Amino acid sequence: MSRKSLCVFCGASNSVPKKFLDIGASFGKMMAGRDLTLVYGGGDCGVMGAIANAVMKHGGHVTGVFPESLRNIENEHQSLSEIIIVGTMHERKMGMFERSDAFIIFPGGFGTMDEMFEILTWKVLLLHDKPIIIFNYQHYWDPLIALMKNIIETGFAQPQTATYYHVVTELEQILDVLEF
Ligand code: AMP
């Protein structure tokens, strides 16, 4: 069986409490230990950088997909196993999607939410059936999860939409849910 690839969507900001970077690093170490490939946006900062650095440090494999158009705003990581430079943000998201067997949503900002909702709505539209896991670390995503529940309860999304994503609060549960 070929090595599984996990796509992690997460924040690029460094201006967050250190615990968010630390939990990212712990997950990176865990991924390397399970021989899982990290697929992510290819940046070197924030939770993104913390996870990628930890996977690399512990001998794992990382594929970054970084858009040329972002070069004056974010920096691409210089020492990944593989970096794929694409033209646009849309190509980046497609590149991450195609290379991944599952998607994990770590704490992040608007970019992370954009990526999460795109992958969720693609699943609703039956464009894929890959697992989506929201890592609700220390309840960071509680307001988002409440909003998603409200959308479903009000009828703006079908009840089965709630079955298209998992919410976990512990790092270990991520790989338990995936059974990878
Ligand atoms: P953030 O969660 O805002 O820190 O962003 C996380 C990552 O998502 C960063 O690499 C951003 O460049 C990226 N990002 C921001 N906006 C978008 C968007 N509209 N579509 C895709 N990715 C985005």
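One-based numbering, in listed order, for ligands and for the atoms of each. A quick note: this is a predicted structure, and the numbers were derived from the prediction, not measured. Side chains included, hydrogens not; waters and symmetry mates left out as well; all remaining heavy atoms used.
- Nearest heavy-atom pair across Pro67 and Val65 is CD-O, 4.1 Å.
- Taking the six-membered ring for Trp and thresholds of 30 and 60 degrees, Phe106 and Phe27 have ring planes inclined between 30 and 60 degrees apart.
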Check ligand 1 for close polar pairs with the protein: N or O on both sides, less than 3.5 Å.
residue, atom, partner, partner atom, Å
ligand 1, 2 (O), Gly109, N, 2.7
ligand 1, 2 (O), Thr112, N, 3.0
ligand 1, 2 (O), Thr112, OG1, 2.6
ligand 1, 3 (O), Phe110, N, 3.4
ligand 1, 3 (O), Gly111, N, 2.9
ligand 1, 4 (O), Ala12, N, 2.8
ligand 1, 8 (O), Glu115, OE2, 3.4
ligand 1, 10 (O), Glu74, OE1, 3.0
ligand 1, 10 (O), Glu74, OE2, 3.3
ligand 1, 10 (O), Arg92, NH1, 3.2
ligand 1, 10 (O), Arg92, NH2, 3.3
ligand 1, 12 (O), Glu74, OE2, 2.7
ligand 1, 12 (O), Arg92, NH1, 3.3
ligand 1, 20 (N), Lys93, NZ, 3.3
ligand 1, 20 (N), Asp114, OD1, 2.9
ligand 1, 22 (N), Glu115, OE2, 3.4

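- Between the side chains of His61 and Asp35, not a single donor N or O lies within less than 3.5 Å of an accepting N or O.
- Contact annotation: the side chain of Val62 approaches that of Tyr40 to within less than 4.5 Å [non-hydrogen atoms, C-beta and beyond].
- Asp101 and Arg3 get closest at one heavy-atom pair: OD2-O, 4.4 Å.
- In this structure, Lys130 satisfies the cation-pi test against Phe97, with its NZ or CZ atom closer than 6.0 Å to the six-membered ring centre and inside 45 degrees of the ring normal.
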